[in-house]
Amino acid sequence: MNKWLVLFRKEWLEMVRNYKVIWLPLVFVVFGLLQPITLYYLPDILKNAGNMPEGTVIKIATPSSGEVLCETLSQFNQMGILVIVLAFMGIVAAERRSGMMKMILVKPVTYTSYILSKWVSALLLTFVSLSLGMLAAWYYTILLIGSFPFVDLAQGTGIYFIWISFLLTFTLFLSSRLKSSGLIAALALLLGIVLSLVTPLLEKWMKWSPAQLTGAASSLLTEGAAQGNVLLPLTITILLTALFLYLAVREP
Amino acid sequence: MGFSSINWALVAPLIGIELILMIIAVVDLSKTTTQTNGPKWMWVLISLFFSIIGPILYFTIGRKHT
């Protein structure tokens, strides 16, 4: 445990040194703030966009607070995943390439605790970033549009975090096996995109799909209750996350 | 909507964060002694002119991890 803490601290130091600790949360906060502001100013933006004939009347109903937060979540689902995968694609692969990994593993630490320290620190930073982003969106939504219960926000973000941590664990697994950072990012993004695309199309056969969690989180935010069966995708996702983590800690 | 009718109190945090990201990227570029992927001046320009996306790209793919 003590050795693990040393590795964990080394991971954090690394993330401070390459500024990940600063820019990852900031990026999520920016996307969180951007969504309520754009939706609030949308009529003005359209009016100023030009190319409208004289006298055009645009009427857009102001979205509800839940809808704005749901939009924020879907924004995180695109830009957020991209940023997280890019940030953590080299988490193991880069250290193997630079020879850092060999230097660490000659010391009396196991490969498992080495990978686990990386997994926990990446997960923690992702959780903090996602929460800060959603809190920023929540704050601006309350200011601009209307109140929204914090419990629903926390539940929606929590369910969504499970889906993100699944993709993060998959990225870590790929990073522990492959050499090329580009290939790792491409494969991880491919899994995220394919699951997100195929799940709504083949609703019937994809009830177990981890991507169902994004739908559940969205309906939690817009309607206050998750639609459909959440327990099945939740269990499957957690099992798959555990599987990929197990595969990642096995020495190649 | 004129220049003055924008609620600057709302937009200020956004601009602030953009500036912070930009400044960190440029300061890191000026300090770092290791090579970057691609010429340094290119990353300076990208970080300065593409708000948010530019610094992110630099941190993720521009920086060589050592």
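Below, chain A is the first sequence line, B the second, and so on; all start at residue 1. Given the structure is predicted, the values throughout are model-derived calculations rather than measurements.
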Atom CZ of residue position Phe8(A) - does it have more than 12 heavy atoms of other residues, nucleotides or ligands inside 6.0 Å?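 Yes, because the 6.0 Å sphere around CZ of Phe8(A) holds more than 12 heavy atoms from other groups.
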Taking everything shown except Tyr40(A) itself, do over 12 heavy atoms lie less than 6.0 Å from its OH? no
Which distance, rounded to the nearest 0.5 Å, do you find between the [atom1] of [X] and the [atom2] of [Y]?
{"X": "Thr60(B)", "Y": "Leu82(A)", "atom1": "OG1", "atom2": "CG", "answer": "8.0 Å"}
{"X": "Ile56(B)", "Y": "Leu26(A)", "atom1": "CD1", "atom2": "CG", "answer": "10.0 Å"}
{"X": "Ile61(B)", "Y": "Met89(A)", "atom1": "CD1", "atom2": "CE", "answer": "7.0 Å"}
{"X": "Asp28(B)", "Y": "Trp23(A)", "atom1": "CG", "atom2": "CH2", "answer": "12.0 Å"}
{"X": "Ile22(A)", "Y": "Ile17(B)", "atom1": "CD1", "atom2": "CD1", "answer": "12.5 Å"}

Of all the residues in residues 113-123 of chain A, which have a heavy atom that comes within less than 4.5 Å of a heavy atom in chain B? none
Proximal component of Ile20(B), with respect to chain A [non-hydrogen, under 4.5 Å]: side chain
With a 4.5 angstrom heavy-atom cut-off, which part of Ile52(B) approaches chain A: side chain, backbone, both or neither? side chain
Between Tyr140(A) and Pro13(B) the two heavy atoms that sit nearest each other are OH-CG, 3.2 Å
Please rank Leu143(A), Val83(A), Val30(A) by heavy-atom pairs under 4.5 Å with chain B and give me the top one.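 Most heavy-atom pairs within the cutoff with chain B belong to Val30(A).
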Those residues of residues 38-49 of chain B, ordered by number, that approach chain A below 4.5 Å (heavy atom to heavy atom): none
Of the backbone (N, CA, C, O) and the side chain (C-beta and beyond), which part of Ile37(A) lies under 4.5 Å from a heavy atom of chain B, both, or neither?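 Just its side chain gets close to chain B.
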Using non-hydrogen atoms only, which part of Arg17(A) is less than 4.5 Å away from chain B: side chain, backbone, both, or neither?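 Arg17(A) touches chain B through backbone heavy atoms alone.
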Given side-chain contact (heavy atoms from CB on, under 4.5 Å), test Leu144(A) with Leu10(B) step by step and report yes or no. CA-CA 9 Å; Leu144(A) 293 173; Leu10(B) 277 179; 3.2 Å; yes
